[in-house]
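Values reported hereafter were calculated over all heavy atoms of this structure, with side chains retained and with hydrogens, waters and symmetry mates removed.
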Amino acid sequence: MRRAIGLMSGTSLDGVDVALIETDGETIRVERSHNGYLEPLGPTGYRAYSDDDRALLRQALVDAEAVTERSERPGCLPEAEELVTRLHAEAVENFLSENGLSPAEIDVIGFHGQTVVHRPDQKMSVQIGDGGALSRRLGIKVVSDLRHADIEAGGQGAPLVPVFHRALAQASGFTESLGILNIGGVANATLIARDGRILAFDTGPGNALIDDWMRERTGHALDDNGRTAARGRPDEPLLAWLLIHPFFSRRPPKSLDRNWFSHKLAGQLSTEDGAATLTAFTARAVARALDHASDPPVRWIVAGGGARNGELLRQLNYHLRAEITTADAIGWSSAFLEAQAFAYLAVRSVEGLPITFPSTTGVSEAISGGVLARPEE
């Protein structure tokens, strides 16, 4: 077993998640509580972005629209890349200090970076953040750039976490058909059939449109527990129009850029009705995932920021018509699942094990990925 730290900064631009797990790249070291559910896999930490940090990263998303080669860094991207690297380093240093750990006790770090471009049709996905610089500062091996090999081999480069989802499901002893839904800025689902086959893809917008709407209309970063949406009424004609977008009928695997849809589509609505419409859009887009399920899940496990949105969960329960629980309720981690996944993927990368598969990204064959940086390099 290797001790690995995973780092995640998602499209919601809220901060850096840090998680430690122990794994050999296949199984995960787990312990069970008295009720049979998993105990936490390991300690976790979080480093929030400041308003200035988020402003720079949002500008980086705008400036990145000009990127035509993955090595290009126009506009504020060099400054943003340095910021991402530094804040991730600080997040790890704080995490180690808080948990009484030294760099020598960590075998590898999985560093996702910050996605600023995701255009798989152009064979391009750019995550800013310097893995080599992070490794040298921390004195720990770092695996980064985990999407590029898959993109180059003709895959979507996303989602990356399904192989970790399957390992967690096996560790938990689930045998029925299962859906694992991670709702970050973009929502992605992993469908695990009873025979163990996995199908994974982005379902559509997650929290991004709701968060953008609330920030513009109220100045708040999110719709706390979906209270604003619960007071509104969805615009059904607008929803019907949104859901005929070709993305939803496209067969998976498929992935979505954060900027494919905009909260401004609801601009003519009141604050409450707009929040209700965008929340319903996320939920109904997830329900469309069932169009592609040969063995529809009898249980869904919801993780990510969306798991804290009570109105979104209510709508998912209505549209999916299956048992729905949050990751936290069964001993998984709603908040840190992706960070744990990148720790797991880093170990798989070091071991040369595949991290993407034809049924998760559309790549022609299962392949490994990631770039390993050592402190001495």
Side-chain angles (χ1 to χ4, degrees), residues 19 21 26-28 30-41 158-184 186-207 225-226 248 251-254 279-341 344 357 359-360:
I21 68 169
E26 296 278 9
T27 59
I28 307 164
V30 299
E31 294 184 9
R32 294 186 181 278
S33 61
H34 67 278
N35 62 7
Y37 290 137
L38 299 188
E39 293 284 1
L41 301 185
L160 293 180
V161 296
V163 66
F164 177 67
H165 287 160
R166 184 171 63 183
L168 266 182
Q170 291 170 344
S172 298
F174 291 121
T175 56
E176 72 269 31
S177 55
L178 184 68
I180 301 170
L181 178 65
N182 186 75
I183 309 178
V186 172
N188 58 74
T190 300
L191 308 181
I192 305 175
R194 280 168 286 189
D195 62 7
R197 288 176 298 135
I198 57 176
L199 178 66
F201 52 97
D202 288 348
T203 61
N207 303 315
N225 203 30
F248 300 111
R251 292 178 60 83
K254 55 186 177 179
T279 301
F281 184 30
T282 292
R284 296 187 200 185
V286 174
R288 290 289 301 270
L290 297 178
D291 296 346
H292 308 292
S294 59
D295 188 5
V298 299
R299 178 197 290 240
W300 284 85
I301 299 167
V302 183
R308 300 189 297 272
N309 185 323
E311 176 62 14
L312 179 55
L313 291 177
R314 186 191 68 79
Q315 294 200 28
L316 287 169
N317 186 66
Y318 176 81
H319 289 290
L320 295 176
R321 302 191 180 281
E323 181 182 352
I324 292 181
T325 186
T326 64
D328 291 327
I330 59 167
W332 297 12
S333 173
S334 293
F336 295 96
L337 194 69
E338 284 194 293
Q340 292 170 341
Y344 181 75
F357 306 82
S359 63
T360 63

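Contact detail for Thr360 and Pro162: the closest heavy-atom pair is CG2-CB, 3.8 Å. Looking at every heavy atom in both residues, His319 comes nearest to Ala287 through CB-CB, 3.9 Å. Counting all heavy atoms, side chain and backbone alike, Glu311 lies closest to Gly226 at CB-O, 3.5 Å. Taking all atoms of both residues into account, the shortest heavy-atom contact from Val186 to Gly204 is CG1-O, 3.5 Å.
Taking CG from Leu312 and CG from Asn225, the interatomic distance works out to 10.5 Å, rounded to the nearest 0.5 Å. Atom CD of Gln315 sits about 11.0 Å away from atom CD1 of Ile324, to the nearest 0.5 Å. Between the CZ atom of Arg284 and the OG1 atom of Thr282 there is a distance of 11.5 Å, given to the nearest 0.5 Å. The distance from atom NZ of Lys254 to atom CG of Asn188, rounded to the nearest 0.5 Å, is 12.5 Å.
Counting only distance, with no hydrogens or angles, the side chain of Ser177 and the backbone of Pro296 share a donor-acceptor pair below 3.5 Å. Side-chain atoms of Asp328 come within 3.5 Å of backbone atoms of Ser334 as a donor-acceptor pair (strictly under, hydrogens ignored). A donor-acceptor distance shorter than 3.5 angstrom exists from the side chain of Asn207 to the backbone of Ile183, with no hydrogens or angles considered. Distance alone, capped at 3.5 Å, is enough to place a donor-acceptor pair between the Ser359 side chain and the Ile198 backbone.
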- Task: Using the side chain to side chain contact (heavy atoms under 4.5 Å, CB included) rule, take Val163 and Tyr344 through it: C-alpha gap first, then chi angles, then the decisive distance, then the call.
- Result: CA-CA 9 Å; Val163 66; Tyr344 181 75; 4.1 Å; yes

- Message: One pair to check against side chain to side chain contact (heavy atoms under 4.5 Å, CB included): Leu313 and Thr326. What are the steps and the verdict?
- Response: CA-CA 9 Å; Leu313 291 177; Thr326 64; 4.0 Å; yes

- Check the pair Asn182, Val161 against side chain to side chain contact (heavy atoms under 4.5 Å, CB included), reporting the backbone distance first and the verdict last. CA-CA 9 Å; Asn182 186 75; Val161 296; 5.6 Å; no

- Task: Could you go through the side chain to side chain contact (heavy atoms under 4.5 Å, CB included) check for Thr27 and Gln170 one step at a time?
- Result: CA-CA 9 Å; Thr27 59; Gln170 291 170 344; over 6 Å; no

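In this structure Phe281 satisfies the ring pair (Phe, Tyr, Trp, His ring centres under 6.0 Å) test together with Phe248, Phe261, sequence neighbours excluded. With sequence neighbours excluded, the residues forming a salt bridge (Lys or Arg N to Asp or Glu O under 4.0 Å) with Arg194 are Asp295, listed by chain and number.
Under the 6.0 Å distance and 45° angle rule, Arg166 does not count as a cation-pi partner of Phe164.
Here the rule is side-chain contact (heavy atoms from CB on, under 4.5 Å) with Leu168, and of Ile180, Leu41, Ile192, Val30 only Leu41 fits it. The residue from Leu320, Leu181, Leu290, Thr190 that alone fulfils the side-chain contact (heavy atoms from CB on, under 4.5 Å) condition with Pro297 is Leu290.
Looking only at side-chain heavy atoms (C-beta outward), Phe201 and Leu191 come within less than 4.5 Å of each other. Looking only at side-chain heavy atoms (C-beta outward), Ile330 and Arg299 come within less than 4.5 Å of each other. Side chains of Ser172 and Trp332 form a contact here, defined as non-hydrogen atoms less than 4.5 Å apart.
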